[in-house]
Amino acid sequence: MKKDLLSFAGMNPEDFEDIWLRAARLKKMLKEGKEHASLKGKTLGMIFDKSSTRTRISFEVGMYQLGGIALFLNSRDTQIGRGETLADSARMMSRYLNGIMIRTFAQESVEVLASYATIPVINGLTDLLHPCQILADLFTIKEKKGTYEGVRVAYIGDGNNVANSWIEAAAHLSFELTLACPEGYDPDQRILEESRRCGKGSVRLYRDPRDAAKDADVLYTDVWTSMGQEAELKERKEIFRDYQINADLLGVANKDAMVMHCLPAHRGEEISADVIDGPQSVVIDEAENRLHVQKAVLEILL
Ligand code: CP
Ligand code: NVA
């Protein structure tokens, strides 16, 4: 495993398996009430330029459970918000902390921070990628279906950070990924090409959600409007109208298809209430797994 987790670039299948093996062990220990203070005395700084519920809580609780602590650093309240450079922040924070988790806009900011930091940097979401989410999602698929190999995942909606990280994962792991995105809202072209070039899995892009959902083992979606795109809300609601996971679309997927969503969800937009709250939905287990998988990542990197 590399020093940082900024994307899945440079990771090999063993790195993924190592994370999931540890995550399963940590989850079991937690359920059995066994303490495991492997990060005693360690501190994680968490820089947030965007809102969060799951990422903040799971990293903070994760550090606590591993015997360390996490500092919530809202960039508005730090000197980063007043223009202190990422280079200075990274160099100086490396003297106080043992790791940094950052949620921000540009992927480049995360890369710059990591290049100056002498401690591990974890990408907690950028406009381009959301690797921690997909690590937890694939762990959930393994847990529920026994494996991700050969599993067909259908992503319906915006070609955003979550979609891009799914595509990146397919470059390293042998699952089938089908996506349906409206024209003009495709995933990142460079990531798509790179994944197809060195892909272990297969990635197919459709316009019609029914084509992507056909025979899927997992139906996955995310919000139509991501953080930072709020000005496009009205327009996006119109464009994405037909990109909803609902009972009709679920009918096209495999009978035992699992419904996933990174959350937060907007019922009646990207997913209907009956489906997200229905028996095939695993969204709460999926959210729980953010904790176990990130603890594994923290243990490995810190
Ligand atoms: N899925 C996810 O990252 O949720 P938060 O935005 O609440 O952290
Ligand atoms: N695509 C969403 C994911 C939220 C977890 C966003 O970036 O807002």
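When a ligand or atom number is given, it counts from 1 through the structure's own listing order.
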Below the 3.5 angstrom mark, is there an N/O of [X], backbone or side chain, next to an N/O of ligand 1?
X: M227; result: no
X: S51; result: no
X: R54; result: yes

[X] neighbourhood, listing ligand 2 atoms whose heavy-atom distance to it stays under 4.0 Å:
X: N160; value: 1 (N)
X: N161; value: 1 (N), 2 (C), 6 (C), 7 (O)
X: L125; value: 3 (C), 4 (C), 5 (C), 7 (O)

- Passes side chain to side chain contact (heavy atoms under 4.5 Å, CB included), R267 versus S272? Steps please. CA-CA 5 Å; R267 287 166 175 74; S272 63; over 6 Å; no

- Message: Quick check: F8 with F16 (ring centres under 6.0 Å apart)?
- Response: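 Close enough - the centres of the two rings lie under 6.0 Å apart.
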
If you have a sec, work out which protein heavy atom is nearest [atom] and how many Å separate them, to one decimal?
atom: atom 3 (C) of ligand 2; answer: D222 OD2, 3.5 Å
atom: atom 7 (O) of ligand 1; answer: T53 N, 2.7 Å
atom: atom 6 (O) of ligand 1; answer: R103 NH1, 2.8 Å
atom: atom 2 (C) of ligand 1; answer: R290 NH1, 3.3 Å

- Test side chain to side chain contact (heavy atoms under 4.5 Å, CB included) applied to S52 and M46, M227, R103, the passing residue: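 Filter result, single survivor: R103.
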
Say whether [X] and [Y], considering side chains only, have a donor N or O and an acceptor N or O under 3.5 Å apart.
X: N254; Y: D217; value: yes
X: E270; Y: H261; value: yes
X: T178; Y: R152; value: no

- Message: Using a 4.0 Å cutoff against the non-hydrogen atoms of H130, which atoms of ligand 1 qualify?
- Response: 2 (C), 3 (O)

Do [X] and ligand 2 have an N or O pair less than 3.5 Å apart?
X: T225; result: no
X: M227; result: yes
X: S226; result: yes

- Mind checking whether L125 contacts ligand 1 via backbone (N, CA, C, O), side chain (CB onward), both or neither, at a 4.0 Å heavy-atom cut-off? neither

- Assess whether side chain to side chain contact (heavy atoms under 4.5 Å, CB included) is satisfied between V297 and I122, documenting all intermediate values. CA-CA 9 Å; V297 169; I122 301 170; 4.0 Å; yes

- Query: Hey, is the main chain of I119 close enough, under 3.5 Å, to the side chain of K3 for a donor-acceptor pair?
  - Reply: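 Flag set: sc K3 to bb I119 pair under 3.5 Å.
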
- Query: Quick one: does L263 get a heavy atom under 4.0 Å from ligand 2?
  - Reply: yes

- Message: Could you go through N161 and D127, starting from their C-alpha distance and side-chain angles, then the distance that decides it, and tell me whether this counts as side-chain hydrogen bond (donor to acceptor under 3.5 Å, both in side chains)?
- Response: CA-CA 6 Å; N161 40 14; D127 291 345; 5.7 Å; no

- Pairing of R241 and E269 as salt bridge, 4.0 angstrom limit: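 Looking at R241 and E269, the cut-off is not met.
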
